[in-house]
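Here the structure comes first, spelled out in structure tokens, and everything after it is commentary.
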Amino acid sequence: MLSEVLLVSAPGKVILHGEHAVVHGKVALAVALNLRTFLRLQPHSSGKVDLNLPNIGIKRAWDVARLQLLDTSFLAPEALSPTCVCLFACGTEQGDVTAPTPEQVEKLKEVAGLPDDCAVTERLAVLAFLYLYLSIFWKQRTLPSLDVVVWSELPPGAGLGSSAAYSVCLAAAFLTTCEEIPNPLKDGEHINRWTKEDLELINKWAFQGERVIHGNPSGVDNAVSTWGGALRYQQGKISSLKRPPALQILLTNTKVPRSTKALVAGVRNRLLKFPEIVAPLLTSIDAISLECERVLGEMGEAPALEQYLVLEELIDMNQHHLNALGVGHVSLDQLCQVTRAHGLHSKLTGAGGGGCGITLLKPGLEQPEVEATKQALTNCGFDCWETSIGAPGVSVHSATSLDSRVRQALDGL
């Protein structure tokens, strides 16, 4: 068991192209968003395991000796196998795993000691934490006393993969602490990543954490957060794009709430009502995703301005298609109009109906113009971040590699 402090981070995600079309068997491109979730794990000898989530005001502690004495029959014997779902079900591939039953979730809630009126966000975060802690550490002779703080730059519930980044950070930190995988950070290094084999193990465990939170996730969010870069997703198959460029973007949260379920149902109903109109739209969105994949592959290490111009055209076309599918919103129209006035191109990302949008920033754009655009979006009541996509996946850091803002958040200052 490792005794040193671990500092881990994992990125969020945005859908670049393929929203809604992916539900109907088309290609979607998901990219790692360089707004990150950070975790600090500190082993200690207090006899407790502490969880602190300052973003949502959660502080919880459990007595390790009490957890050690649990009747763990609800943890399947396969809990020690990373290819299994442990507590909830067993399978060898992500797609083979069934969703947790209500009875099994209730048992975890008993272990967690959560009150009946506990907020959903807190309940799911705590259940995922305990699930991964108990499952990964159970083969140790004694459960470890740990202090775990997780702080995120990602807004929760915005479709940006915040829960997956949380699960990925927990899985990476727990697996490293129990020495199931080695700590890749060597003396004198500021940041490093795990090997391909170790990342596969992290991804499998993170997917199980996502199952606790979402029941039946696609596996895309945890894969993007683990591997970073850009992924192609189609009909359950996930593959990485080779050497995708890091693209600078503005990410804007309109803060308009929406129901993904209702928006997906709306597209399905429109397809049934107007099949000869909507089916070609979905085929066209698929072609946009494939063209974007081709262009990103060509950009590699030396992107040309012409390629950015193609990416802007694809963004504009996809946004119009998404509006035609009925998943636009006046707030997203406003976002596109504001950025267009500054010569920039935007589209919704995710379910639509509000939520978030992305704006591509070409190289050579003057910073005052970027700041003016951000201010104009903020004046609309939106939240806006200047960040990048195609970011590195889950990573381990030295304390000096983190900026003061992150260190202070993890230290509770």
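The residues of the chain are indexed from 1 along the displayed sequence. The model shown is predicted, which means the values in this text are computed figures rather than measured ones.
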| message | Under a 3.5 Å distance rule, please check whether K242 uses its side chain to pair with a backbone N or O of S240 as donor and acceptor. | response | no

| task | May I ask you to say whether D147 pairs ionically with R40, meaning some side-chain N is under 4.0 Å from a carboxylate O? | result | yes

| Inter- and intrachain pairs under salt bridge (charged side-chain N to carboxylate O under 4.0 Å, His left out), touching residues 359-372, at least two apart | E312-K362, E371-K374

| note | Looking only at heavy atoms, the pair that brings M299 and L247 closest together is CE-CD2, 4.0 Å

| field | 4.5 Å side-chain heavy-atom contact, P144 and P43 | value | no

| query | Side chains of Y166 and P156: does their closest heavy-atom pair fall under 4.5 Å? | reply | no

| Donor-acceptor pair, Q248 side chain versus S388 backbone, under 3.5 Å? | no

| task | Report the C-alpha separation of T142 and Q68 in whole Å, then their side-chain angles, then the decisive distance to 0.1 Å, and conclude whether the side-chain hydrogen bond (donor to acceptor under 3.5 Å, both in side chains) test is met. | result | CA-CA 7 Å; T142 55; Q68 196 80 46; 5.4 Å; no

| field | Worked verdict on S284 versus H321 for side-chain hydrogen bond (donor to acceptor under 3.5 Å, both in side chains) | value | CA-CA 8 Å; S284 182; H321 284 7; 2.7 Å; yes

| Between K196 and E200, is there a side-chain N and carboxylate O pair less than 4.0 Å apart? | yes

| field | Exercise: do H214 and S163 side chains pair donor with acceptor under 3.5 Å | value | yes

| field | side-chain contact (heavy atoms from CB on, under 4.5 Å) assessment of E386 paired with Q367 | value | CA-CA 11 Å; E386 184 179 352; Q367 193 59 33; 3.2 Å; yes

| request: For the pair L361 and T373, evaluate side-chain contact (heavy atoms from CB on, under 4.5 Å) and give the outcome as yes or no after the intermediate values. | output: CA-CA 11 Å; L361 301 178; T373 307; over 6 Å; no

| said: How long is the straight-line distance from CG of L51 back to CG of L170, given to the nearest 0.5 Å? | reply: 7.5 Å

| message | Are the side chains of V264 and H20 in contact, using a 4.5 Å heavy-atom criterion? | response | yes

| task | Dump the intermediate steps for side-chain contact (heavy atoms from CB on, under 4.5 Å) on Q234 and V22, then the final yes or no. | result | CA-CA 7 Å; Q234 186 177 25; V22 71; over 6 Å; no

| query | Do any N or O atoms from the side chain of S225 and from the backbone of G12 form a donor-acceptor pair under 3.5 angstrom? | reply | no

| Do we see a donor-acceptor contact under 3.5 Å between the side chains of Q375 and N379? | yes

| message | Please check if the number of heavy atoms outside H44 that lie under 6.0 Å from its NE2 is greater than 12. | response | yes

| Which atom names give the shortest non-hydrogen contact between S162 and L154, and what distance separates them? | CA-CD1, 3.9 Å

| task | For Q307 and A304, indicate whether the former's side chain and the latter's backbone hold a donor-acceptor pair under 3.5 Å. | result | yes

| Worked verdict on S346 versus T339 for side-chain hydrogen bond (donor to acceptor under 3.5 Å, both in side chains) | CA-CA 7 Å; S346 305; T339 57; 2.7 Å; yes

| Any side-chain heavy atom of T176 within less than 4.5 Å of one from W194? | yes

| request: Report yes if the side chains of R60 and L114 come closer than 4.5 Å at any heavy-atom pair, otherwise no. | output: yes

| query | Is any side-chain heavy atom of L250 closer than 4.5 Å to a side-chain heavy atom of V370? | reply | yes

| query | What heavy-atom pair brings H345 and R340 nearest, and what distance separates the two atoms? | reply | CE1-NH1, 3.2 Å

| field | Intermediate values then yes/no, side-chain contact (heavy atoms from CB on, under 4.5 Å), E180 and I136 | value | CA-CA 9 Å; E180 187 80 22; I136 290 173; 5.8 Å; no

| remark: Rounded to the nearest 0.5 angstrom, the OG-NZ distance for S331 and K255 is 11.5 Å

| Do any N or O atoms from the side chain of Q42 and from the backbone of V5 form a donor-acceptor pair under 3.5 angstrom? | no

| message | Looking at every non-hydrogen atom in both residues, tell me the closest pair between K48 and A61 and how far apart they are. | response | CD-CB, 4.4 Å

| request: Indicate the atoms forming the closest heavy-atom contact of P184 with V396, along with that distance. | output: CG-CG1, 3.5 Å

| Side chain W62, main chain A112, donor-acceptor under 3.5 Å | yes

| task | Measure the spacing between CG of N318 and CG of L348 and express it to the nearest 0.5 Å. | result | 7.5 Å

| message | Is the ring pair W205/Y131 parallel, tilted or perpendicular, if the boundaries are 30 and 60 degrees? | response | tilted

| query | Got L67 and Y133 here, is their nearest side-chain heavy-atom distance under 4.5 Å? | reply | yes

| Taking C-beta and beyond as the side chain, do C380 and V338 meet within less than 4.5 Å on heavy atoms? | yes

| field | Side chain S395, main chain R193, donor-acceptor under 3.5 Å | value | no

| remark: The reported gap from CG in L39 to SG in C169 (rounded to nearest 0.5 angstrom) is 5.5 Å

| message | When you measure from the side chain of R66 to the backbone of V111, do you find a donor-acceptor pair of N or O atoms at a distance under 3.5 Å? | response | yes

| task | Measure the acute angle between the ring planes of H397 and F38, then classify it against the limits of 30° and 60° as parallel, tilted or perpendicular. | result | tilted

| Nearest non-hydrogen partners of A172 and I181, listed with the distance | O-CD1, 4.3 Å

| Would you say the side-chain atoms of S289 pair up with the backbone N or O of V27, donor to acceptor, closer than 3.5 Å? | yes

| task | Examine distances only and state if a side-chain atom of N34 and a backbone atom of A391 form a donor-acceptor pair shorter than 3.5 Å. | result | no

| message | Within this structure, what is the CG-OH distance for the pair L29 and Y233, rounded to the nearest 0.5 Å? | response | 13.5 Å

| So how far is it from L127 CG to L108 CG, rounded to the nearest 0.5 Å? | 5.5 Å

